[in-house]
Amino acid sequence: MVVVAIIAIISVIAYPAYRSYVEDTYFGRMQADVKVCALTMDRLYTNNFSYDELDKHCTLWSPADGPQANAKYNLTVPTATASAYTIRAEPVSGPCNGRCYGLDSKGIETVE
């Protein structure tokens, strides 16, 4: 019984730390996916002098290498003109709580 109690106490302490680690990992991956999308758009702007049709060139979920059904973040493009864009990432479920991220064509990052 003592061993079970010790394992239970360790589990209560370790689980929140593990969940925080997982959330931090997904947040970092989402930032990388947004930056890859931004680099793709900058490359297209170099060729076409336009940021139009961002959604045709970027995966609009993260992690981008997985199916959309497994997405932890949705990427949106609230601003996309011929000369500027903004990419915003929000958690699929739940509020932002410091986990929403934005990047614009000037390289300005925002975290909310």
Side-chain angles (χ1 to χ4, degrees):
M1 293 299 262
V2 172
V3 171
V4 172
I6 291 172
I7 291 174
I9 292 170
I10 292 173
S11 297
V12 167
I13 294 169
Y15 184 72
Y18 171 74
R19 291 298 313 154
S20 177
Y21 171 76
V22 169
E23 289 177 11
D24 290 346
T25 302
Y26 280 123
F27 185 75
R29 177 57 196 251
M30 173 271 302
Q31 286 179 308
D33 289 339
V34 167
K35 290 176 182 179
V36 165
C37 186
L39 288 172
T40 300
M41 293 312 300
D42 289 339
R43 187 183 73 246
L44 290 169
Y45 184 82
T46 302
N47 294 334
N48 303 329
F49 302 107
S50 176
Y51 289 119
D52 292 340
E53 302 178 347
L54 180 66
D55 58 331
K56 292 184 180 180
H57 303 288
C58 295
T59 304
L60 295 178
W61 64 86
S62 180
D65 59 352
Q68 188 171 9
N70 295 341
K72 301 298 180 191
Y73 287 88
N74 287 321
L75 280 61
T76 58
V77 186
T79 305
T81 64
S83 60
Y85 67 84
T86 300
I87 305 169
R88 181 164 168 77
E90 297 179 354
V92 169
S93 62
C96 287
N97 294 336
R99 299 275 182 199
C100 289
Y101 180 75
L103 180 66
D104 68 15
S105 55
K106 295 178 183 175
I108 298 171
E109 299 174 281
T110 57
V111 177
E112 299 173 12

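Every value quoted in this text rests on a predicted model; they were computed, and no experiment measured them.
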Linked, directly or transitively: [X] and [Y] (ILVMFWY side chains, under 4.5 Å):
X     : Y     : result
Trp61 : Val34 : no
Tyr85 : Leu39 : no
Leu75 : Val36 : no

Q. Looking at residues at least two apart in the chain, or sitting in another chain, which of them share a side chain to side chain donor-acceptor pair (under 3.5 Å) with Tyr101?
A.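 Only Glu109 meet the side chain to side chain donor-acceptor pair (under 3.5 Å) criterion with Tyr101.
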
Which residues, ordered by chain and number, are linked to [X] in its hydrophobic cluster, where ILVMFWY side chains connect at heavy-atom gaps below 4.5 Å, directly or through other members?
X    : value
Ile7 : Val3
Val2 : Ile6, Ile10
Ile9 : Ile13

Q) Taking the side chain as C-beta and beyond, is there a heavy-atom pair between Met41 and Cys58 under 4.5 Å? A)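 Answer yes - side chains close enough.
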
Q.
Quick check: do Thr76 and Glu90 have side-chain heavy atoms less than 4.5 Å from each other?
A.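 Contact flag for Thr76/Glu90 side chains = no.
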
Can you give me the closest heavy-atom contact between [X] and [Y], atom names plus distance?
X      : Y      : value
Cys100 : Pro91  : SG-CD, 3.7 Å
Tyr73  : Val92  : N-CG2, 3.6 Å
Pro63  : Ala71  : CD-CA, 4.4 Å
Ser83  : Ser105 : O-OG, 4.3 Å
Ile87  : Cys37  : CD1-SG, 3.8 Å

Q: Give a yes or no on whether the backbone of Ala64 and the side-chain of Asp33 come within a donor-acceptor separation of less than 3.5 Å.
A: yes

Q) Which value, rounded to the nearest 0.5 Å, describes the distance between Gln31 atom CD and Leu103 atom CG? A)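 It comes to 9.5 Å.
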
(Q) Suppose the criterion is side chain to side chain donor-acceptor pair (under 3.5 Å): which pairs have a residue in residues 3-23, not counting sequence neighbours? (A) none

**Q.** Arg99 and Asp24 ion-paired at < 4.0 Å
**A.** yes

Q. Are more than 12 heavy atoms from other residues, nucleotides or ligands located less than 6.0 Å from atom OH of Tyr45?
A. yes

Q. Which residue pairs pass the salt bridge (Lys or Arg N to Asp or Glu O under 4.0 Å) test with at least one member in residues 59-75, sequence neighbours excluded?
A. Arg29-Asp65

